[in-house]
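Numbering of ligands and ligand atoms starts at 1, following listing order. Predicted model only: the values in this text are computed from it and were never measured.
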Amino acid sequence: MIDDITRIGAEAPGRIAAASTLDELRAVEAELLGKKGELTALKKGIGALEPEPRRQAGLAMNEVRAAIDAAVAERRAALEAAERAVTLAAERLDLTEVVGGRERGSLHLVTQTWDRLVDVFTGMGFTVAEGPEVETDWYNFEALNIPAAHPARGMWDTLYVDLGDPETVLLRTHTSPVQIRVMTDGEPPIYAVMPGRVFRRDTADASHMPVFHQIEGLVVDKGISFADLAGTLESFTSAYFGGSIHSRLRPSYFPFTEPSAEYDINCLNCEGRGCRVCANTGWLELGGCGMVHPNVLRNVGLDPEDWTGFAFGFGLDRLALMRHGVDDIREMYTGDVRFLEQFPA
Ligand code: FA5
(Lines give C-alpha, C1' and ligand atoms only; values in the text may rest on other atoms or scores of the structure.)
Protein backbone atom coordinates (compact mmCIF):
# COMPACT_ATOMS: atom_id res chain seq x y z
CA MET A 1 0.00 0.00 0.00
CA ILE A 2 2.72 2.52 1.02
CA ASP A 3 4.64 1.62 -2.15
CA ASP A 4 1.62 2.48 -4.27
CA ILE A 5 1.12 5.78 -2.44
CA THR A 6 4.80 6.65 -2.83
CA ARG A 7 4.77 5.72 -6.51
CA ILE A 8 1.76 7.95 -7.17
CA GLY A 9 3.48 10.74 -5.22
CA ALA A 10 6.65 10.34 -7.28
CA GLU A 11 4.85 10.32 -10.64
CA ALA A 12 2.51 13.21 -9.80
CA PRO A 13 4.89 16.20 -10.41
CA GLY A 14 5.65 14.99 -13.96
CA ARG A 15 1.96 14.46 -14.77
CA ILE A 16 1.04 17.90 -13.36
CA ALA A 17 3.85 19.62 -15.25
CA ALA A 18 2.71 17.91 -18.48
CA ALA A 19 -0.75 19.56 -18.28
CA SER A 20 -0.55 22.39 -20.82
CA THR A 21 -4.02 23.90 -20.34
CA LEU A 22 -6.28 24.57 -17.35
CA ASP A 23 -8.68 21.86 -18.62
CA GLU A 24 -5.88 19.28 -18.77
CA LEU A 25 -4.77 20.27 -15.27
CA ARG A 26 -8.32 19.81 -13.95
CA ALA A 27 -8.37 16.30 -15.48
CA VAL A 28 -5.01 15.31 -13.90
CA GLU A 29 -6.15 16.67 -10.54
CA ALA A 30 -9.33 14.57 -10.75
CA GLU A 31 -7.31 11.44 -11.67
CA LEU A 32 -5.04 11.93 -8.66
CA LEU A 33 -7.27 13.39 -5.94
CA GLY A 34 -10.87 13.18 -7.22
CA LYS A 35 -13.63 10.97 -5.84
CA LYS A 36 -12.85 8.32 -8.42
CA GLY A 37 -9.11 9.09 -8.32
CA GLU A 38 -6.20 6.78 -7.62
CA LEU A 39 -5.43 8.01 -4.09
CA THR A 40 -9.09 7.89 -3.06
CA ALA A 41 -9.26 4.27 -4.19
CA LEU A 42 -6.18 3.42 -2.07
CA LYS A 43 -7.54 5.37 0.91
CA LYS A 44 -10.53 3.10 1.04
CA GLY A 45 -8.17 0.18 1.71
CA ILE A 46 -6.32 1.86 4.61
CA GLY A 47 -9.08 1.16 7.13
CA ALA A 48 -8.59 -2.61 6.72
CA LEU A 49 -4.85 -2.49 7.69
CA GLU A 50 -3.31 -3.36 11.09
CA PRO A 51 -2.90 -0.28 13.39
CA GLU A 52 0.82 0.42 12.73
CA PRO A 53 0.77 -0.02 8.92
CA ARG A 54 -2.53 1.92 8.95
CA ARG A 55 -0.83 4.81 10.77
CA GLN A 56 2.11 4.80 8.38
CA ALA A 57 -0.10 4.54 5.28
CA GLY A 58 -2.27 7.40 6.62
CA LEU A 59 0.79 9.60 7.15
CA ALA A 60 2.14 8.85 3.68
CA MET A 61 -1.27 9.50 2.17
CA ASN A 62 -1.55 12.96 3.84
CA GLU A 63 1.96 13.94 2.78
CA VAL A 64 1.42 12.94 -0.84
CA ARG A 65 -1.99 14.65 -1.03
CA ALA A 66 -0.53 17.89 0.40
CA ALA A 67 2.38 17.80 -2.07
CA ILE A 68 -0.01 17.20 -5.00
CA ASP A 69 -2.30 20.05 -3.85
CA ALA A 70 0.63 22.45 -3.73
CA ALA A 71 1.97 21.36 -7.13
CA VAL A 72 -1.50 21.71 -8.75
CA ALA A 73 -1.94 25.21 -7.26
CA GLU A 74 1.45 26.30 -8.54
CA ARG A 75 0.79 24.93 -12.04
CA ARG A 76 -2.69 26.53 -12.09
CA ALA A 77 -1.22 29.97 -11.28
CA ALA A 78 1.33 29.59 -14.07
CA LEU A 79 -1.28 28.46 -16.64
CA GLU A 80 -3.70 31.25 -15.64
CA ALA A 81 -0.96 33.85 -16.07
CA ALA A 82 -0.12 32.45 -19.50
CA GLU A 83 -3.80 32.46 -20.58
CA ARG A 84 -4.17 36.05 -19.38
CA ALA A 85 -1.13 37.10 -21.39
CA VAL A 86 -2.61 35.48 -24.53
CA THR A 87 -5.99 37.23 -23.99
CA LEU A 88 -4.32 40.59 -23.41
CA ALA A 89 -2.23 40.23 -26.53
CA ALA A 90 -5.36 39.32 -28.57
CA GLU A 91 -7.37 42.26 -27.19
CA ARG A 92 -4.62 44.83 -27.57
CA LEU A 93 -5.85 47.99 -29.32
CA ASP A 94 -3.54 50.60 -30.73
CA LEU A 95 -5.45 53.81 -30.12
CA THR A 96 -2.76 55.85 -31.84
CA GLU A 97 -3.17 54.03 -35.12
CA VAL A 98 -4.39 56.20 -38.01
CA VAL A 99 -5.75 54.29 -40.98
CA GLY A 100 -5.70 56.34 -44.15
CA GLY A 101 -6.47 59.56 -42.24
CA ARG A 102 -10.25 58.90 -42.15
CA GLU A 103 -10.36 57.44 -38.63
CA ARG A 104 -8.73 60.48 -37.12
CA GLY A 105 -10.83 61.63 -34.15
CA SER A 106 -12.23 65.11 -33.63
CA LEU A 107 -13.99 66.96 -30.83
CA HIS A 108 -17.66 66.04 -30.34
CA LEU A 109 -20.21 68.68 -31.38
CA VAL A 110 -21.17 69.21 -27.73
CA THR A 111 -17.52 69.75 -26.74
CA GLN A 112 -17.05 72.18 -29.64
CA THR A 113 -20.16 74.10 -28.54
CA TRP A 114 -18.99 74.12 -24.91
CA ASP A 115 -15.56 75.50 -25.92
CA ARG A 116 -17.04 78.13 -28.21
CA LEU A 117 -19.54 79.36 -25.59
CA VAL A 118 -16.75 79.61 -23.05
CA ASP A 119 -14.68 81.57 -25.60
CA VAL A 120 -17.50 84.02 -26.26
CA PHE A 121 -18.25 84.59 -22.57
CA THR A 122 -14.61 84.90 -21.50
CA GLY A 123 -14.25 87.43 -24.32
CA MET A 124 -17.07 89.38 -22.63
CA GLY A 125 -15.18 89.36 -19.31
CA PHE A 126 -16.75 86.32 -17.59
CA THR A 127 -14.77 83.75 -15.60
CA VAL A 128 -15.57 79.99 -15.83
CA ALA A 129 -16.58 77.75 -12.91
CA GLU A 130 -17.69 74.13 -12.61
CA GLY A 131 -19.46 72.15 -9.88
CA PRO A 132 -20.16 68.50 -9.04
CA GLU A 133 -22.71 66.41 -10.95
CA VAL A 134 -23.82 64.66 -7.75
CA GLU A 135 -25.35 67.38 -5.58
CA THR A 136 -27.22 67.73 -2.32
CA ASP A 137 -30.83 68.79 -2.11
CA TRP A 138 -29.67 72.06 -0.54
CA TYR A 139 -27.61 73.24 -3.52
CA ASN A 140 -29.98 71.95 -6.22
CA PHE A 141 -33.24 73.13 -4.59
CA GLU A 142 -33.30 74.63 -1.07
CA ALA A 143 -30.68 77.35 -1.54
CA LEU A 144 -32.35 78.25 -4.86
CA ASN A 145 -35.54 79.18 -3.02
CA ILE A 146 -37.26 75.85 -3.75
CA PRO A 147 -38.09 74.32 -0.33
CA ALA A 148 -39.24 70.70 0.06
CA ALA A 149 -42.82 70.16 -1.16
CA HIS A 150 -42.68 73.43 -3.17
CA PRO A 151 -44.82 72.85 -6.29
CA ALA A 152 -41.95 74.17 -8.45
CA ARG A 153 -39.99 70.98 -7.71
CA GLY A 154 -42.27 69.40 -10.29
CA MET A 155 -40.47 71.49 -12.95
CA TRP A 156 -37.51 69.12 -12.64
CA ASP A 157 -38.01 65.33 -12.67
CA THR A 158 -35.21 64.36 -10.35
CA LEU A 159 -32.98 61.27 -10.21
CA TYR A 160 -32.01 60.61 -6.58
CA VAL A 161 -28.87 58.82 -5.42
CA ASP A 162 -29.22 56.12 -2.76
CA LEU A 163 -26.96 57.87 -0.21
CA GLY A 164 -27.68 59.29 3.24
CA ASP A 165 -31.28 60.16 4.19
CA PRO A 166 -33.86 59.50 1.43
CA GLU A 167 -33.95 62.19 -1.31
CA THR A 168 -31.05 64.22 0.09
CA VAL A 169 -28.46 63.39 -2.59
CA LEU A 170 -29.27 63.68 -6.31
CA LEU A 171 -27.94 64.05 -9.83
CA ARG A 172 -28.18 67.79 -10.44
CA THR A 173 -31.18 68.67 -12.59
CA HIS A 174 -29.66 71.97 -13.79
CA THR A 175 -26.42 73.96 -13.52
CA SER A 176 -28.06 76.52 -11.18
CA PRO A 177 -26.56 74.88 -8.02
CA VAL A 178 -23.16 76.05 -9.29
CA GLN A 179 -24.45 79.63 -8.80
CA ILE A 180 -24.71 78.85 -5.08
CA ARG A 181 -21.22 77.35 -4.99
CA VAL A 182 -19.73 80.38 -6.78
CA MET A 183 -21.45 82.78 -4.37
CA THR A 184 -20.44 80.84 -1.25
CA ASP A 185 -16.85 80.25 -2.44
CA GLY A 186 -16.12 83.87 -3.41
CA GLU A 187 -17.16 87.47 -2.96
CA PRO A 188 -18.98 89.72 -5.41
CA PRO A 189 -18.46 91.25 -7.89
CA ILE A 190 -19.14 87.97 -9.73
CA TYR A 191 -19.24 87.59 -13.51
CA ALA A 192 -19.15 83.82 -14.15
CA VAL A 193 -20.40 81.15 -16.57
CA MET A 194 -20.79 77.53 -15.51
CA PRO A 195 -21.09 74.85 -18.19
CA GLY A 196 -21.92 71.29 -17.15
CA ARG A 197 -23.77 68.02 -17.57
CA VAL A 198 -27.22 67.67 -16.00
CA PHE A 199 -29.68 64.82 -15.50
CA ARG A 200 -33.47 64.52 -15.54
CA ARG A 201 -36.05 61.75 -15.69
CA ASP A 202 -36.99 62.91 -19.20
CA THR A 203 -37.73 60.48 -22.02
CA ALA A 204 -35.50 61.00 -25.06
CA ASP A 205 -37.23 62.62 -28.03
CA ALA A 206 -36.24 65.06 -30.80
CA SER A 207 -35.62 67.89 -28.30
CA HIS A 208 -35.05 66.08 -24.97
CA MET A 209 -32.38 63.80 -23.50
CA PRO A 210 -32.25 62.42 -19.93
CA VAL A 211 -28.59 63.50 -19.81
CA PHE A 212 -27.81 66.83 -21.43
CA HIS A 213 -25.78 70.01 -20.90
CA GLN A 214 -26.46 73.53 -19.79
CA ILE A 215 -24.47 76.70 -19.46
CA GLU A 216 -25.33 78.89 -16.50
CA GLY A 217 -24.46 82.55 -16.16
CA LEU A 218 -24.33 84.62 -12.98
CA VAL A 219 -23.61 88.29 -12.40
CA VAL A 220 -23.71 89.82 -8.91
CA ASP A 221 -22.54 93.40 -8.42
CA LYS A 222 -23.74 96.80 -7.20
CA GLY A 223 -26.62 98.31 -9.16
CA ILE A 224 -27.13 95.47 -11.67
CA SER A 225 -30.50 95.89 -13.44
CA PHE A 226 -32.75 93.98 -15.83
CA ALA A 227 -31.39 96.19 -18.62
CA ASP A 228 -27.90 94.73 -17.96
CA LEU A 229 -29.35 91.22 -18.36
CA ALA A 230 -31.09 92.09 -21.64
CA GLY A 231 -28.00 93.87 -22.99
CA THR A 232 -25.66 91.00 -22.03
CA LEU A 233 -27.89 88.42 -23.73
CA GLU A 234 -28.21 90.57 -26.88
CA SER A 235 -24.39 90.94 -27.05
CA PHE A 236 -23.97 87.21 -26.54
CA THR A 237 -26.56 86.46 -29.27
CA SER A 238 -24.77 88.46 -31.94
CA ALA A 239 -21.33 87.22 -30.83
CA TYR A 240 -22.42 83.57 -30.96
CA PHE A 241 -24.98 83.47 -33.79
CA GLY A 242 -23.92 86.46 -35.91
CA GLY A 243 -25.11 90.05 -36.20
CA SER A 244 -28.39 89.34 -38.02
CA ILE A 245 -29.82 87.29 -35.12
CA HIS A 246 -31.49 89.15 -32.21
CA SER A 247 -32.94 88.15 -28.84
CA ARG A 248 -36.09 88.89 -26.87
CA LEU A 249 -37.19 88.20 -23.30
CA ARG A 250 -40.66 86.88 -22.46
CA PRO A 251 -42.15 86.86 -18.92
CA SER A 252 -41.78 83.50 -17.19
CA TYR A 253 -41.37 81.93 -13.75
CA PHE A 254 -38.39 80.44 -11.94
CA PRO A 255 -38.30 80.26 -8.13
CA PHE A 256 -34.70 81.57 -8.00
CA THR A 257 -35.20 84.65 -10.18
CA GLU A 258 -37.65 87.57 -9.86
CA PRO A 259 -38.65 88.79 -12.35
CA SER A 260 -38.01 85.77 -14.58
CA ALA A 261 -37.97 85.48 -18.36
CA GLU A 262 -37.54 83.07 -21.24
CA TYR A 263 -34.75 83.99 -23.64
CA ASP A 264 -35.67 83.60 -27.32
CA ILE A 265 -33.66 84.29 -30.47
CA ASN A 266 -34.75 84.85 -34.08
CA CYS A 267 -35.28 81.50 -35.78
CA LEU A 268 -32.01 80.62 -37.47
CA ASN A 269 -33.80 78.73 -40.21
CA CYS A 270 -35.99 81.62 -41.46
CA GLU A 271 -34.26 84.52 -39.66
CA GLY A 272 -37.55 85.54 -38.07
CA ARG A 273 -39.97 85.30 -41.04
CA GLY A 274 -41.73 82.18 -39.67
CA CYS A 275 -41.23 78.53 -40.71
CA ARG A 276 -41.78 74.91 -39.64
CA VAL A 277 -38.79 74.89 -37.26
CA CYS A 278 -40.13 77.81 -35.19
CA ALA A 279 -43.82 76.84 -35.53
CA ASN A 280 -44.27 80.04 -37.59
CA THR A 281 -43.48 82.28 -34.63
CA GLY A 282 -40.13 83.47 -35.96
CA TRP A 283 -38.55 82.79 -32.53
CA LEU A 284 -36.67 79.89 -30.90
CA GLU A 285 -36.55 79.38 -27.13
CA LEU A 286 -33.05 78.84 -25.69
CA GLY A 287 -33.38 79.01 -21.90
CA GLY A 288 -34.44 80.82 -18.76
CA CYS A 289 -33.12 83.92 -17.02
CA GLY A 290 -33.99 86.65 -14.55
CA MET A 291 -32.85 88.83 -11.66
CA VAL A 292 -31.38 86.77 -8.79
CA HIS A 293 -34.13 86.38 -6.16
CA PRO A 294 -33.43 88.25 -2.87
CA ASN A 295 -33.99 84.98 -0.94
CA VAL A 296 -31.16 83.32 -2.93
CA LEU A 297 -28.81 86.20 -2.07
CA ARG A 298 -29.81 85.90 1.61
CA ASN A 299 -29.25 82.11 1.54
CA VAL A 300 -25.60 82.69 0.66
CA GLY A 301 -25.14 85.51 3.16
CA LEU A 302 -25.39 88.48 0.75
CA ASP A 303 -27.53 91.51 1.60
CA PRO A 304 -30.01 92.18 -1.26
CA GLU A 305 -29.94 95.85 -0.26
CA ASP A 306 -26.25 95.99 -1.20
CA TRP A 307 -26.06 93.54 -4.09
CA THR A 308 -28.21 92.73 -7.11
CA GLY A 309 -27.61 90.36 -9.98
CA PHE A 310 -28.95 88.37 -12.87
CA ALA A 311 -28.68 84.71 -13.89
CA PHE A 312 -29.41 82.68 -16.99
CA GLY A 313 -29.34 78.98 -17.93
CA PHE A 314 -29.35 77.73 -21.53
CA GLY A 315 -29.59 74.26 -22.98
CA LEU A 316 -26.12 73.74 -24.47
CA ASP A 317 -27.13 70.79 -26.67
CA ARG A 318 -30.06 72.80 -28.03
CA LEU A 319 -27.71 75.71 -28.82
CA ALA A 320 -25.61 73.24 -30.82
CA LEU A 321 -28.69 71.93 -32.65
CA MET A 322 -29.81 75.40 -33.60
CA ARG A 323 -26.45 76.72 -34.67
CA HIS A 324 -25.83 73.72 -36.94
CA GLY A 325 -29.39 73.08 -38.16
CA VAL A 326 -29.65 69.58 -36.62
CA ASP A 327 -33.32 68.63 -36.15
CA ASP A 328 -33.02 65.77 -33.62
CA ILE A 329 -30.97 65.97 -30.39
CA ARG A 330 -30.64 62.16 -30.31
CA GLU A 331 -28.43 62.30 -33.42
CA MET A 332 -25.70 63.78 -31.26
CA TYR A 333 -25.57 60.79 -28.94
CA THR A 334 -25.79 57.78 -31.25
CA GLY A 335 -22.05 57.88 -31.93
CA ASP A 336 -22.70 57.50 -35.68
CA VAL A 337 -19.46 58.52 -37.33
CA ARG A 338 -21.29 59.72 -40.49
CA PHE A 339 -23.08 62.32 -38.35
CA LEU A 340 -20.02 63.29 -36.31
CA GLU A 341 -17.81 63.65 -39.40
CA GLN A 342 -19.93 66.58 -40.55
CA PHE A 343 -18.53 68.64 -37.68
CA PRO A 344 -14.75 68.31 -37.89
CA ALA A 345 -12.74 70.36 -35.41
C1 FA5 B 1 -33.62 75.57 -15.87
O2 FA5 B 1 -33.04 74.49 -15.78
C3 FA5 B 1 -33.16 76.78 -15.07
N4 FA5 B 1 -32.15 76.35 -14.13
C5 FA5 B 1 -32.65 77.87 -16.01
C6 FA5 B 1 -32.41 79.18 -15.35
C7 FA5 B 1 -31.15 79.49 -14.86
C8 FA5 B 1 -33.47 80.08 -15.20
C9 FA5 B 1 -30.93 80.71 -14.24
C10 FA5 B 1 -33.25 81.31 -14.56
C11 FA5 B 1 -31.98 81.61 -14.11
P12 FA5 B 1 -35.25 74.78 -17.72
O13 FA5 B 1 -35.77 73.59 -17.01
O14 FA5 B 1 -36.27 75.53 -18.54
O15 FA5 B 1 -34.64 75.82 -16.70
O16 FA5 B 1 -34.03 74.35 -18.66
C17 FA5 B 1 -33.25 75.31 -19.35
C18 FA5 B 1 -32.96 74.84 -20.78
O19 FA5 B 1 -32.38 73.54 -20.76
C20 FA5 B 1 -34.22 74.68 -21.64
O21 FA5 B 1 -34.63 75.90 -22.18
C22 FA5 B 1 -33.70 73.74 -22.71
O23 FA5 B 1 -32.94 74.47 -23.69
C24 FA5 B 1 -32.74 72.85 -21.95
N25 FA5 B 1 -33.39 71.57 -21.59
C26 FA5 B 1 -34.31 71.32 -20.62
N27 FA5 B 1 -34.63 70.01 -20.57
C28 FA5 B 1 -33.89 69.40 -21.53
C29 FA5 B 1 -33.74 68.04 -21.98
N30 FA5 B 1 -34.40 67.02 -21.39
N31 FA5 B 1 -32.89 67.77 -23.00
C32 FA5 B 1 -32.18 68.78 -23.58
N33 FA5 B 1 -32.25 70.08 -23.20
C34 FA5 B 1 -33.11 70.39 -22.19
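- Counting only heavy atoms of the protein, atom 2 (O) of ligand 1 lies nearest to Arg200 NH2, 2.9 Å.
- Listed by number with element, the atoms of ligand 1 under 4.0 Å from a non-hydrogen atom of Gly287 are 21 (O).
- Here is the list of ligand 1 atoms found below 4.0 Å of a heavy atom in Ile329: 32 (C).
- Only the side chain of Glu216 comes within contact range of ligand 1, with a heavy atom under 4.0 Å; no backbone atom does.
- Under the 4.5 Å side-chain criterion, counting only non-hydrogen atoms from C-beta, Thr113 is not in contact with Ile215.
- Shown in contact with Gln179 at under 4.0 Å from a heavy atom are these atoms of ligand 1, numbered in order with element: 9 (C).
- Ligand 1 has at least one atom lying under 4.0 Å from a heavy atom of Cys289.
- Atoms of ligand 1 lying under 4.0 Å from any heavy atom of Trp156, numbered from 1 in the order shown and given with element: 1 (C), 2 (O), 13 (O).
- For atom 15 (O) of ligand 1, the nearest protein heavy atom (residue, atom name, distance) is Phe254 CE2, 3.4 Å.
- Arg26 has no carboxylate O lying under 4.0 Å from a charged side-chain N of Glu29, or vice versa, which leaves the two without a salt bridge.
- The residue Met155 has no part lying near ligand 1, judged by heavy-atom distances below 4.0 Å.
- Remark: ligand 1 and His174 share an N or O pair separated by less than 3.5 Å (distance only, no angle test).
- Tyr191 and Asp221 share a side-chain donor-acceptor pair at under 3.5 Å.
- If you number the atoms of ligand 1 from 1 as listed, the ones under 4.0 Å from a heavy atom of Leu286 come out as 21 (O), 23 (O).
- Looking at ligand 1, you won't find any N or O of Thr257 less than 3.5 Å from one of its N or O atoms.
- Ring centroid separation for the pair His174 and Phe256 comes in under the 6.0 Å cut-off.
- Side chains of Tyr263 and Thr237: a donor-acceptor N/O pair is present below 3.5 angstrom, by distance only.
- Aromatic ring centres of Phe236 and Phe314: separated by under 6.0 Å.
- Ligand 1 places these atoms under 4.0 Å from at least one heavy atom of Ser176: 4 (N), 7 (C).
- When only non-hydrogen protein atoms are considered, atom 27 (N) of ligand 1 lies nearest to Phe212 CZ, 3.3 Å.
- Here the heavy atom of the protein found nearest to atom 20 (C) of ligand 1 is Arg318 NH1, 4.1 Å.
- No donor-acceptor contact under 3.5 angstrom links the side chains of Asn62 and Arg65, judged on distance only.
- For atom 16 (O) of ligand 1, the closest non-hydrogen atom on the protein side is Gln214 NE2, 3.3 Å.
- Summarising the local packing, CD of Glu305 is surrounded by 12 or fewer heavy atoms from other residues, nucleotides or ligands at distances under 6.0 Å.
- For the pair Arg172 and Tyr139, the NZ or CZ position fails the cation-pi test of under 6.0 Å to the six-membered ring centre and within 45 degrees of the ring normal.
- Closest to atom 18 (C) of ligand 1 by heavy atom, among Gly315, Ser252, Ser207, Ala204, is Gly315.
- Looking at Asp264 and Arg248, a side-chain N of the basic residue comes within less than 4.0 Å of a carboxylate O on the acidic one, giving a salt bridge.
- Phe312 and Phe121 have their aromatic ring centers within a separation under 6.0 angstrom.
- For Asp317 and Arg330, the salt-bridge test fails: no basic side-chain N is under 4.0 Å from an acidic carboxylate O.
- Listed by atom number, the atoms of ligand 1 under 4.0 Å from His208 heavy atoms are 29 (C), 30 (N), 31 (N).
- Looking at atom 31 (N) of ligand 1, its nearest protein heavy atom turns out to be Met209 N, 3.0 Å.
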